[in-house]
Each structure stands twice: as C-alpha cells, then as structure tokens.
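Because the structure is predicted, anything quoted here is derived from the model rather than measured. What's counted below: heavy atoms across the whole structure, side chains too, no hydrogens, waters or symmetry copies.
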Amino acid sequence: MNGYGIKAIYLFELARTWRTLMQSIASPVLSTSLYFIVFGSAIGSRIVEIDGIHYGAFIIPGLIMLTILTESTSNASFGIYMPKFTGTIYEILSAPVSALEIVIGYVGAAATKSVILGLIILVTARCFVDYSIAHPLWMLAFLMLTCLTFSLLGFLIGLWAKSFEQLQIIPMMVITPLTFLGGSFYSISMLPEFWQKVTLFNPVVYLVSGFRWSFYGAADVHIGISLAMIAIFIAIFSALIAWIFHTGYKLRP
Amino acid sequence: MQPIIDITGIRKTYASGLEALQPIDLSIQRGEIFALLGPNGAGKTTLISIICGIANPSAGRISIDGLDIVRDYRQVRQRIGLVPQELAVSMFESVWDTVRFSRSLFGCKPNDDYLSNLLKDLSLWDKKDSHIMALSGGMKRRVLIAKALAHEPSVLFLDEPTAGVDVELRRDMWSMIRKLRHNGVTVILTTHYIEEAEDMADRIGVINKGKIVLVEEKHALMQKLGQKTMTLHLNAPLPEIPAALQEYNLQLSEQGRALIYQYNSADRKEGVAPLLAKVGELNIDYHDLSTKQSSLEEIFVSLVHQPDTHNAEATP
C-alpha cells in the first residue's frame with residue numbers, strides 16, 4: 001500500500017478546493033440560500049406542513065441532496081478530467097500507485113469536500129428555519145455514503161469524458177432533473193398514483209427519502225431499501241471504474 | 001552483467017490498426033547513457049510510454065532490474081523517473097509543492113533536504129514559491145526534471161528533453177545528465193537532434209517506423225560507418241593529380257591547392273601513412289593537413305532513408 005501516494009493525491013485535490021474557494025463552497029451556499037428564500041419562505045407560506053413537518057424544514061434534506069449530488073459529481077469528474085486534459089496524468093499513471101489507491105485519493109477528496117459542503121448548508125439552513133435531526137449518526141452516514149456514491153460516479157464520468165461538454169452533460173442533463181423530480185421539494189405521496197409509480201424508477205428518490213428519514217423519522221420508502229440502493233450504485237460504479245483501469249480503456253492507450 | 005532494462009518482443013498496434021512498434025528487443029546496460037534516435041513518429045515516445053506504464057503494449061514483456069513491469073509494477077516504477085516531452089505540469093501549484101507531491105506520489109518519505117538540493121542543482125531554488133504558470137518554458141522544463149528526480153530514481157527517461165530549449169538550459173541539462181550518470185543513474189533519452197546523441201550517449205539505438213534499425217556503441221558506430229576525409233593544404237597548386245597517386249582516388253579542389261582523400265579509418269590497409277609517405281616522395285609541399293570524421297547525422301540519414309520496400313507498401 002502506497003500511503004504517501006494516496007495522501008499526495010488526496011491533499012492535492014483538497015488544495016484545489018481551497019484555491020477555488022468561492023466557486024467550490026461559496027456559490028453552492030449562496031444558491032441554497034436562494035432556494036430557502038424562494039421555496040421555504042415564498043412557497044412555504046402557502047404549504048404549511050408536509051407529513052406534519054414544517055415545509056421550510058421539510059425541504060432541508062432535499063436541498064442538501066440537490067447540492068451534494070451535483071457537486072460530488074462535477075468535482076470528482078473535474079478532478080480526474082483535468083490531468084487528462086492537460087497531460088499531467090502521465091505522472092499518476094507512471095507512479096507506483098494501484099487503481100484502488102488512485103480512486104481513494106481522488107474520490108476520497110471529492111467526497112470529503114461534499115460532506116463539508118453538506119454540513120455547511122445544514123448550518124446555513126439554521127439561519128432560515130428551525131429543524132431537528134432525529135438520527136444524527138444515520139444522517140452523517142447517509143451524507144457520507146451519498147457523497148461517496150456520486151463522487152464515484154463523477155470519477156467515472158471524468159475517466160470517460162473526452163471533452164468538457166461530455167464532462168458536464170451528465171450532471172446537467174441527468175442528475176439535476178432527477179434530483180428535482182426526486183422528491184426534494186415535495187413528498188412523493190403528494191403525486192397522483194401513476195406518477196408515484198414512475199418516480200420509483202428515479203434512484204434519487206431513495207437517497208432523498210432515506211436522508212429525510214434520518215432527519216424526521218418519516219420516509220417515502222423504507223430505509224432498508226434506500227441503503228440497498230446506495231450499495232447497488234456503489235457496486236456498479238466501482239465495477240465500471242475497475243474495468244476501465246483493468247482494460248486501460250481511454251486511460252492507457 | 002545483467003542489463004538494467006530488458007525489452008523482449010514489445011509490439012504496439014493501436015485500435016486504428018496503426019502499427020506503432022514492431023516487435024522490439026532491446027537491452028539497456030546499467031549506468032549508461034542510451035540515446036534513442038529517430039525521426040518524428042518513429043515510435044520513440046510509444047516505447048518509453050510502455051516502459052513507464054503510461055501505455056499498454058500489445059505483446060511482449062519488459063523487465064527492469066529483473067522485475068517485471070506489470071507484475072512488480074510498484075518496485076519497478078519506484079526506480080523510474082520520466083521527463084515527458086510535453087510541458088505537462090499543474091499550473092496552479094508552486095514549484096516546491098509540486099516536487100513534494102511527486103516525491104510522495106512515488107511512495108517516498110518526505111525529505112526536504114534532498115528536494116532543496118535538487119532545486120538548487122537545477123537553478124530552481126529562487127523560484128520555489130512561484131506558481132508554475134508564471135515560469136518560462138525553460139523553467140517549466142526544469143520543474144519537470146525536478147519532479148522526475150524527486151523520488152531518487154535509478155533510471156531516468158528523458159523524452160526529447162531539449163526540444164525548444166535555449167542553449168544555456170541545454171548545456172545545464174547535459175552537465176546534469178553527466179552528473180547523474182556519474183552517480184550511477186541510467187539515462188535513456190530520445191531525440192531527433194543528432195548532436196545530442198553524439199555529444200552525450202554511450203550507446204545509440206536508431207529507431208525508424210517502429211523498428212530498431214541498429215544499436216551500437218557510439219564510437220564503434222561512428223567508426224564502423226564513419227568515413228573520414230583528409231585534406232592536404234598545398235603550398236603550390238597542382239595542375240592535376242600525379243599518376244603515382246592514382247590508386248588513392250584523390251580529388252583536387254581550391255584551384256589545385258587542396259588534395260582531398262576519403263578513407264575508412266577502421267580499415268588499417270587504407271590509412272593515411274602510405275599516402276603521406278608517397279606525397280613526401282613526390283616532393284609535394286603542404287603547410288597544413290586536416291581530417292574530418294563524418295558526423296552521426298550523415299550516418300543516421302543513410303540508415304533512415306534506406307529504401308525499405310516492405311514498409312513502403314504498408315504505409316498508407
């Protein structure tokens with residue numbers, strides 16, 4: 001195990017976050033605040049409660065998810081795409097580090113950043129609404145697992161992407177819509193029965209639902225199913241990454 | 001002595017069908033400076049990329065220090081430093097951070113003393129806190145060398161190290177390479193500058209169209225293929241070549257003031273002594289004499305431009 005190597009990659013990636021502090025931390029916090037003002041205050045004054053929870057508080061888990069899903073994906077994909085783009089990847093490929101160690105370094109850093117971001121948003125939310133967390137440890141576990149899952153996805157996209165357009169198309173065209181439609185701002189029980197069924201094909205539903213359960217003890221789907229879905233995603237993304245490293249596909253010509 | 005790098009049957013065919021390397025067999029001796037010489041697109045970078053783990057070979061195997069580059073990749077890569085051809089270096093980092101990163105990435109314990117000395121040797125010390133994007137191209141090249149040496153490798157690959165580099169840096173680089181060799185580091189450099197190979201290398205390999213055309217100790221190569229030219233500068237012009245000197249195939253130039261003799265220095269029968277003795281007998285006075293060995297460039301051009309019907313057909 002090349003511990004120095006993992007640490008080098010991990011710290012390099014985190015340093016990139018500090019260098020781009022405004023873009024990395026400040027802008028997601030700002031946009032989340034805007035969501036709170038628009039959805040929480042404006043719309044929330046019309047919708048008083050969902051499942052017995054004040055609407056402003058109800059949307060907190062969904063808003064955090066919305067941010068960390070897109071941030072994990074774009075940050076992790078950018079982290080590995082840039083060295084490919086500038087050519088500095090030669091050093092990583094020629095270094096005595098295994099695929100697993102490379103993934104731990106890059107994905108670990110992206111996930112760390114997203115966890116920090118999620119916690120910052122949680123604190124920011126305090127300025128707008130009162131909320132309580134029923135299962136704080138589960139909340140942290142869900143937060144970390146989700147960040148990990150989508151950082152893996154981002155890393156995968158970064159390995160695969162050949163252009164900046166490909167890099168951004170999945171976060172923009174897939175993840176953001178799925179998150180909006182995944183029950184971030186509403187309970188799926190509010191939908192007509194047909195759309196409730198359709199929604200169950202949206203993986204983000206399970207993440208938001210599980211995360212919201214850790215806050216308020218109420219969920220659209222069972223917590224066990226949420227955890228199982230996360231495990232399945234991690235398995236799929238990890239297998240694809242392993243396959244890329246194994247075959248050298250788009251990585252080692 | 002066991003060679004430090006042993007390349008057996010390495011082949012590389014790209015998905016497009018392009019055959020970048022035909023089966024290559026090559027051994028690099030410990031502690032030598034080996035120059036891989038070839039025109040653009042000959043396969044130099046592909047070969048180096050395969051040895052360093054950046055590209056996968058289609059077939060064949062490579063061992064370094066007796067260790068397989070795939071199975072024992074950790075030990076192997078710790079021994080190798082690579083200076084790539086492109087100036088690929090993370091722009092937003094400082095010089096100091098980037099060399100520390102490299103050392104750590106290659107699994108070495110931090111050693112700031114070693115890194116400070118390295119930067120001083122490469123005249124980078126006063127730039128250590130500069131961001132890399134603020135450096136000139138030559139300085140970036142030095143940074144790449146520092147990164148490649150940060151983990152104290154025993155084999156150093158330099159891919160076209162002096163492409164687009166000014167005279168001063170080129171001189172610095174050559175003296176650094178000699179110093180490394182002195183410390184026991186094996187150096188493999190690719191170049192299409194012939195003077196570079198001629199000046200630096202102990203051995204030269206010529207690669208063309210993915211094939212190693214020739215590997216030879218430099219002096220032997222130049223001797224084997226090296227024509228020499230001797231010019232006698234005469235005191236009085238000769239109207240024509242004396243009949244007694246007919247057998248030497250001489251030429252007259254400078255309106256009869258210079259006699260030119262082409263010979264092969266490796267062939268003892270030819271030599272210059274018998275000719276000079278004859279010239280003395282004929283009382284031809286000369287005030288100076290010069291000899292010139294044909295350069296590696298001439299040798300190289302004759303090798304690379306040999307007609308090769310087999311390859312000519314394969315080229316689109």
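Atom NZ of B:K179 has 12 or fewer neighbouring heavy atoms from other residues, nucleotides or ligands inside a 6.0 Å radius.
Both the backbone and the side chain of A:I92 come within contact range of chain B, with heavy atoms under 4.5 Å apart. In this structure, the portions of A:Y90 lying under 4.5 Å from any heavy atom of chain B include both its backbone and its side chain. In this structure, chain B has no heavy atom under 4.5 Å from any part of A:M82. Both the backbone and the side chain of B:K109 come within less than 4.5 Å of a heavy atom in chain A. Heavy atoms closer than 4.5 Å to chain A are found nowhere in B:E86, neither backbone nor side chain.
Ion pairing of A:R19 with B:E93 is absent here, as no side-chain N (NZ or NE/NH1/NH2) approaches a carboxylate O to less than 4.0 Å.
Each of B:A88, B:S90, B:P110 has some count of heavy-atom pairs under 4.5 Å with chain A, and the biggest count is that of B:A88. The greatest number of non-hydrogen atom pairs below 4.5 Å with chain A, out of B:G53, B:S104, B:G107, B:A15, is found for B:S104. Counting heavy-atom pairs closer than 4.5 Å to chain B, the top-ranked of the candidates A:S94, A:G248, A:G87 is A:S94. The residue among B:A55, B:P84, B:C52 with the most heavy atom pairs within less than 4.5 Å of chain A is B:P84.
Side-chain contact of B:S27 with B:D6: a donor-acceptor pair under 3.5 Å is present, judged by distance alone. With 3.5 Å as the limit, one finds no donor-acceptor pair spanning the side chains of A:S74 and A:Q168. Side chains of A:T112 and A:Y10: a donor-acceptor N/O pair is present below 3.5 angstrom, by distance only.
Closest non-hydrogen pair, A:Y106 versus A:P83, comes out as OH-CG, 3.8 Å. Shortest non-hydrogen contact noted between B:I132 and B:S94 is CD1-O, 4.1 Å.
Listed in order of number, the residues of residues 136-160 of chain B that approach chain A to under 4.5 Å between heavy atoms are B:L144, B:K147.
By the 4.5 Å heavy-atom criterion applied to side chains, A:P96 and B:F106 are counted as neighbours.
Side-chain atoms of B:K44 do not come within 3.5 Å of backbone N or O of B:I207 as any donor-acceptor pair.
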Full working for side-chain hydrogen bond (donor to acceptor under 3.5 Å, both in side chains) between A:E91 and B:S102: CA-CA 8 Å; A:E91 200 179 17; B:S102 296; 2.4 Å; yes
